[in-house]
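Notes for the one structure printed next.
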Amino acid sequence: MRETNMTLAGRKVRVVTCQTVVVGTGAAGFNAALRLWEYGHRDVVMVTEHVNAGTSRNTGSDKQTYYKLTMAGQEPDSVHEMAQTLFDGHCVDGEHALAEAAMSAECFMRLVELGVPFPRTKYGEFVGYKTDHDPRRRATSVGPYTSRLMTEKLEAAVRGCGIPILEHLLVVKVVTHEGASHGLVCLDFSEGRDEDCPFTLFCCRNVVYAVGGPCGMYKHSVYPAGCHGSSGVAFEAGAVGKNLTEWQYSFGSIDPPWTLSGSYMQVLPRFFSTDADGGDEREFLFDFFDDLPFVLSRVFLKGYQMPFDVRKVAKGSSIIDILVYLESCKGRRVYLDYRQNPLGKPVDFDTLEDEARDYLQKVGACFGTPIERLWHMNRPAYDFYMDRGVDLAKEPLEVVMSVQHNNGGLAVNEWWETDVRGLFAVGEVAGSHGVYRPGGAALNSGQVGSTRAAQAIARYRGTPPDQAAFAAAAETPLREALSFAAQVRAAKGDVAAKTEEVTARMSRHAAFFRNRRDVASTLEAARRDLEALPSGVAAPDMASLKQCFWLRDILISQVVYLSAMVDYIDAGGPSRGSVLVTDEKGQKPYPALPDAFTYRDDDGFLGDKVQQVRYQNGDCTIGWRAVRPLPTEDLTFENVWRSYRETQNIDG
């Protein structure tokens, strides 16, 4: 890493030159940096807004899952069987499924060796359990903070290598030339920055983009506070979006943001709502159903059937998500109450459906109140909220339908490189998933994708651009960043209020429930706001300037994602995954639901296609292609060995 000052766009600006910049300090970002170092690629710098921020370090669930190849017991498994499971999730390209299966054991064992305490038997078998969309028992966990422990262990290893980690930097532009990455323009909000030109530039050959999903588009989110994503920057640079319609949603707590899966539901909490002022308390689930054992069994199943799944509305638990959403649409606030049983009655466990009754009997939880059952079944799930000042034994928990994970993202090849040469996308920002991914597959994908990106970079990607080439490429993006900063500094308007407005609109009309009219109108509103942005919000200080750049990125992302949603509906796409799309030619699973919840079940239509979106100058070009099949390779040992000795079987 070398630091210099250059004069660009009439300003003196700090420039950091290196071979590779890793953006983001989550599990995928740290793994990319560590792998690069170990592969001999030493000129690596990490860039982040704050090293302790981010989804990997600050999110989880009652039992956060890591998905891998089976490594215990007599149950058969294979790389290609796991790859087939991933591929069968609809809209998944075969090379990603195969790579994520083939490298899952390597990446998992790497985490074990770094000190992540995944449970094993006394003979060394790494036991597993069955997660959603998983025909085997490939899932494992170290509790609510699996990804945090991964991140901490990887960070310790990175720091042990002495890899520089530069904080207080927000990427606002990717510098490109002839379709290739040349570096980055970052807003520098560190102390002692140049107020006249608060930007630091990076001149580099490769960028590993590990910024997480663009959750900042939504108001209601279980992502940690401060997480927003930076997909808009990549779209603007020429990266293509893939499967952008596919998110995961369910209800989660508001403060703190947290997913309420597993034990939180299996202990059968009471759902109630109030008016905006906290009055008129009502157990609204029983406005819709009058069968207490049926409702309790649905609530129990939410522990397994998280997130919302359109296939589980009629016969499963996802009707609970819909009822929570409808109650919120009335302007009412929804709560989970662990202090007392639903309807204030003792639970007759013998009347529950078989799965709920048998499980609760097996774990010895057929007694008491929800909080007593939670203490018995999963004390750490209770402790999580206590650590954040919320005592579930004394107060209810406010919840709302929230975005949980983006299964789509930036399109990448088999080495996790985007359409912009030298720009690699790893972790949640990469669109390697399809519609129905197994629970925990995202953590595995982040480790595999960052490893493969590091392999390609270390073998083929060399010195950064020379100063003249970088200066020529960086002049325009720096001018654009300076111009935007100058305009919002001179403007009037509340950027926080505007962000609240655009994200609330997205949560209301383009989350788990969508109809063509509302999605299209939300798209047009996002376009208008993006066009008006420089003069519509003000940045009197650095904090608000940073938020203005966030808002710009959010609006670009909204335009791209909403364009994909409209196109999907126009293509005749059915309700699928975690999304219900209004279709008057379909059916309602329950007659009492509003007509807007008439929809067509997922019949696999478009499941063998991938939707791709390219953003350019405010407009989106959308196309469809067939999924790429699972690769079939020559596995003759001598042949593989020969080519491995020559190239390590890494493409250039």
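- In summary, of the residues considered (Leu397, Val399, Asp62), a side chain to side chain contact (heavy atoms under 4.5 Å, CB included) with Tyr264 occurs for Asp62 alone.
- Taking the ring centre of Tyr129 as origin, the terminal cationic atom of Lys63 falls inside the region bounded by 6.0 Å and 45° from the ring axis.
- Distance alone, capped at 3.5 Å, places no donor-acceptor pair between the Thr140 side chain and the Gly128 backbone.
- Distance alone, capped at 3.5 Å, is enough to place a donor-acceptor pair between the Asp391 side chain and the Ala393 backbone.
- Using bins of under 30°, 30° to 60° and over 60° for the plane-to-plane angle, the ring pair Phe367/His376 lands in the perpendicular bin.
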Discussion item. With salt bridge (charged side-chain N to carboxylate O under 4.0 Å, His left out) as the criterion, how do Arg332 and Asp275 come out once you've worked through the C-alpha distance, each side chain's angles and the decisive distance to 0.1 Å?
Written reply: CA-CA 5 Å; Arg332 296 180 63 82; Asp275 60 27; 5.6 Å; no
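- Put simply, the side chain of Gln611 gets close to the backbone of Ala564: a donor and an acceptor are under 3.5 Å apart.
- Contact of the Asp601 side chain with the Ser575 side chain is not registered, since no non-hydrogen atoms from C-beta on lie closer than 4.5 Å.
- At least one side-chain heavy atom of Ser104 sits less than 4.5 Å from a side-chain heavy atom of Met82.
- Applying the 6.0 Å contact sphere to CZ of Arg137 captures no more than 12 heavy atoms from other residues, nucleotides or ligands.
- A ring pair (Phe, Tyr, Trp, His ring centres under 6.0 Å) with Trp247 holds for exactly one of Tyr561, Phe308, Phe513; it is Tyr561.
- A donor-acceptor contact shorter than 3.5 Å is absent between the side chain of Ser221 and the backbone of Lys219.
- For Arg437 and Tyr67, the positive end is not near the middle of the six-membered ring at less than 6.0 Å and at most 45° from its axis.
- Checking side-chain atoms of Thr121 against main-chain N and O of Glu125 turns up a donor-acceptor pair under 3.5 Å.
- Side chain of Glu428 to main chain of Asn406: a donor-acceptor pair is present (N/O by atom type, distance under 3.5 Å, no hydrogens or angles).
- Within the 4.5 Å cutoff, the side chain of Val502 has heavy atoms near those of the Gln558 side chain.
- Remark: Gln587 CD is loosely packed, at most 12 non-hydrogen atoms of other residues, nucleotides or ligands lying under 6.0 Å away.
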Worksheet item: Taking it one step at a time, do Tyr223 and Ser402 satisfy side-chain hydrogen bond (donor to acceptor under 3.5 Å, both in side chains)?
Response: CA-CA 9 Å; Tyr223 290 77; Ser402 303; over 6 Å; no
Practice prompt. For the pair Gln340 and Asp337, evaluate side chain to side chain contact (heavy atoms under 4.5 Å, CB included) and give the outcome as yes or no after the intermediate values.
Written response: CA-CA 7 Å; Gln340 58 180 299; Asp337 185 3; 3.5 Å; yes
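- Between Arg379 and Asp383 there is a salt bridge, with a side-chain nitrogen of the basic residue lying less than 4.0 Å from a carboxylate oxygen of the acidic one.
- Between Ser141 atom OG and Leu149 atom CG the span is 9.5 Å, to the nearest 0.5 Å.
- With ring centers used as reference points, Phe118 lies 6.0 Å or more from Phe126.
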Item to complete: Check the pair Arg138, Asp134 against salt bridge (charged side-chain N to carboxylate O under 4.0 Å, His left out), reporting the backbone distance first and the verdict last.
Response: CA-CA 7 Å; Arg138 299 184 179 121; Asp134 175 21; 3.8 Å; yes
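- The existence of a salt bridge linking Asp350 and Arg357 is excluded, since no basic side-chain nitrogen approaches an acidic carboxylate oxygen closer than 4.0 Å.
- With Lys130 contributing its side chain and Arg136 its backbone, the two residues share no donor-acceptor pair below 3.5 Å.
- Between Glu501 and Arg505, at least one side-chain N (NZ, or NE/NH1/NH2) sits under 4.0 Å from a carboxylate O, which counts as a salt bridge.
- Screening Asp132, Asp321, Asp309 for a salt bridge (charged side-chain N to carboxylate O under 4.0 Å, His left out) involving Lys302 leaves a single residue, Asp321.
- Under a cut-off of 6.0 angstrom, the local environment of NZ in Lys312 is crowded, with over 12 non-hydrogen atoms contributed by other residues, nucleotides or ligands.
- Checked options Ser261, Ser317, Ser318, Ser250; the residue passing with Gln305 is Ser317 (criterion: side-chain hydrogen bond (donor to acceptor under 3.5 Å, both in side chains)).
- For Lys330, the NZ atom counts as densely surrounded, since its 6.0 Å shell holds more than 12 non-hydrogen atoms of other residues, nucleotides or ligands.
- The aromatic rings of Phe512 and Phe597 are tilted relative to each other, their planes meeting at an angle between 30° and 60°.
- Taking the six-membered ring where the residue is Trp, the centroids of Phe251 and Phe271 are separated by under 6.0 Å.
- Of the possible donor and acceptor atoms, none in the side chain of Arg148 sits under 3.5 Å from a partner among the backbone N and O of Ser56.
- Residues Phe288 and Tyr590 bring their aromatic ring centres within 6.0 Å.
- With rounding to the nearest 0.5 angstrom, the NE2 atom of His509 is 5.0 Å from the OG1 atom of Thr522.
- Checked by atom type and distance alone, the side chain of Ser445 never pairs as donor or acceptor with a backbone atom of Ala441 at under 3.5 Å.
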Item to complete: For the pair His405 and Asn407, evaluate side-chain hydrogen bond (donor to acceptor under 3.5 Å, both in side chains) and give the outcome as yes or no after the intermediate values.
Response: CA-CA 6 Å; His405 191 273; Asn407 282 359; 3.2 Å; yes
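- Side-chain atoms of Asp602 never come within 3.5 Å of backbone atoms of Pro574 as a donor-acceptor pair (strictly under, hydrogens ignored).
- Here the side chains of Thr65 and Thr146 are not in contact, with every heavy-atom distance at 4.5 Å or above.
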Worksheet item: Between His433 and Glu246, is a side chain to side chain contact (heavy atoms under 4.5 Å, CB included) present by the stated rule, with each step listed?
Response: CA-CA 9 Å; His433 305 300; Glu246 305 309 313; over 6 Å; no
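- Listed here is the closest heavy atom pair of Asn341 and Pro346: ND2-CA, 4.0 Å.
- The environment of CG in Asp280 is crowded: more than 12 heavy-atom neighbours from other residues, nucleotides or ligands sit within 6.0 Å.
- Considering only heavy atoms from C-beta on, Tyr325 stays 4.5 Å or farther from Leu323 through its side chain.
- Side-chain contact between Arg576 and Phe605: absent, with no pair of heavy atoms (C-beta onward) separated by less than 4.5 Å.
- Look at Arg298 and Glu353 and you find a salt bridge, because one of the NZ, NE, NH1 or NH2 atoms lies within 4.0 Å of a carboxylate O, short of that distance.
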